[in-house]
Amino acid sequence: MKSGIIDKNGIEIKVGDTICLPYITPMGDLTDEVDKEREVVFRFGCFGYWNETEFVPLIDWMTKKEGDYVPNQGNKIVYTDEYLCWVK
């Protein structure tokens with residue numbers, strides 16, 4: 001099953017693919033080292049993977065940036081189409 005989600009290398013992520021999750025240092029810096037590998041599944045209406053305790057949707061690995069300022073709300077968060085994980 002195709003997801004329409006493109007990894008950081010430009011490859012479409014599909015159900016059954018093994019994705020590599022990057023290692024994030026204790027200071028919050030993103031590296032190119034593989035921290036974990038997980039199999040992509042479609043559950044609860046979204047694409048994601050199971051870790052040791054819960055289902056994690058792939059949107060958690062989507063990059064975010066700060067959007068325009070809105071009075072009484074602050075800056076909006078804008079989700080991009082870029083993902084930090086990649087297909088193995």
Side-chain angles (χ1 to χ4, degrees):
M1 173 186 261
K2 294 183 176 184
S3 66
I5 298 171
I6 307 298
D7 73 357
K8 75 175 197 171
N9 296 323
I11 300 170
E12 184 175 10
I13 299 173
K14 298 181 279 294
V15 170
D17 283 347
T18 299
I19 57 170
C20 299
L21 305 173
Y23 175 71
I24 301 172
T25 66
M27 298 302 290
D29 298 322
L30 192 66
T31 67
D32 287 332
E33 295 177 41
V34 176
D35 185 29
K36 295 180 176 110
E37 294 181 359
R38 299 286 189 246
E39 182 181 348
V40 177
V41 295
F42 185 79
R43 295 285 187 275
F44 311 115
C46 65
F47 295 91
Y49 60 90
W50 290 99
N51 67 14
E52 292 80 10
T53 59
E54 64 186 354
F55 179 79
V56 180
L58 287 182
I59 195 169
D60 286 358
W61 289 97
M62 185 183 273
T63 58
K64 305 170 198 79
K65 65 180 183 177
E66 197 171 271
D68 295 333
Y69 176 79
V70 178
N72 297 330
Q73 292 184 356
N75 288 359
K76 292 284 187 176
I77 294 175
V78 177
Y79 288 89
T80 66
D81 287 334
E82 300 171 8
Y83 286 79
L84 301 173
C85 56
W86 60 94
V87 176
K88 181 175 178 182

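Small disclaimer: the values here were computed from a predicted structure and weren't measured. As a basis for the values below, the full set of heavy atoms in this structure was taken, side chains included, without hydrogen atoms, waters or symmetry mates.
- Taking both residues in full, the closest heavy atoms of Val34 and Glu37 are given as CG1-CG, 3.9 Å, listed atom of the first, atom of the second, then distance.
- Grouping the Ile, Leu, Val, Met, Phe, Trp and Tyr side chains by contacts below 4.5 angstrom, directly or via other members, places Tyr83 with Ile77.
- Of all non-hydrogen atoms in Leu30 and Pro22, the two that sit nearest each other are CD1-CG, 3.6 Å.
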Distance-only criterion, 3.5 Å: show the donor-acceptor pairs between side-chain atoms of residues 40-60 and protein atoms not counting sequence neighbours.
from	atom 1	to	atom 2	distance (Å)
Tyr49	OH	Trp61	NE1	2.9
Asn51	OD1	Thr53	N	2.9
Asn51	OD1	Glu54	N	2.8
Glu52	OE2	Arg38	NH2	2.9

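- Few gaps surround CG on Asn9; more than 12 heavy atoms of other groups in view lie less than 6.0 Å from it.
- Note on Leu84 and Met62: same hydrophobic cluster, where clusters join Ile, Leu, Val, Met, Phe, Trp and Tyr whose side-chain heavy atoms are under 4.5 Å apart, directly or indirectly.
- Closest approach of Leu21 and Cys85 over heavy atoms only: CD2-CB, 3.9 Å.
- Looking at every heavy atom in both residues, Gly16 comes nearest to Glu39 through CA-OE2, 3.8 Å.
- In the displayed structure, Asp81 atom CG is contacted under 6.0 Å by at most 12 heavy atoms of other residues, nucleotides or ligands.
- When atom types are taken as modelled, the side chain of Thr31 and the backbone of Tyr23 share a donor-acceptor pair closer than 3.5 angstrom.
- Panel note: side chain Ser3, backbone Ile13; a donor-acceptor pair is recorded below 3.5 Å.
- The cluster map of Ile, Leu, Val, Met, Phe, Trp and Tyr, joined by side-chain heavy atoms under 4.5 Å apart, puts Val15 and Ile11 in the same cluster.
- The environment of CG in Asp32 is sparse: at most 12 heavy-atom neighbours from other residues, nucleotides or ligands sit within 6.0 Å.
- Atom-to-atom distance recorded for Lys14:NZ and Ile5:CD1 is 12.0 Å, nearest 0.5 angstrom.
- Considering all non-hydrogen atoms of both residues, Gly67 and Val78 come closest at CA-CG2, 3.7 Å.
- The 12-atom threshold is exceeded at NZ of Lys64, counting heavy atoms of other residues, nucleotides or ligands nearer than 6.0 Å.
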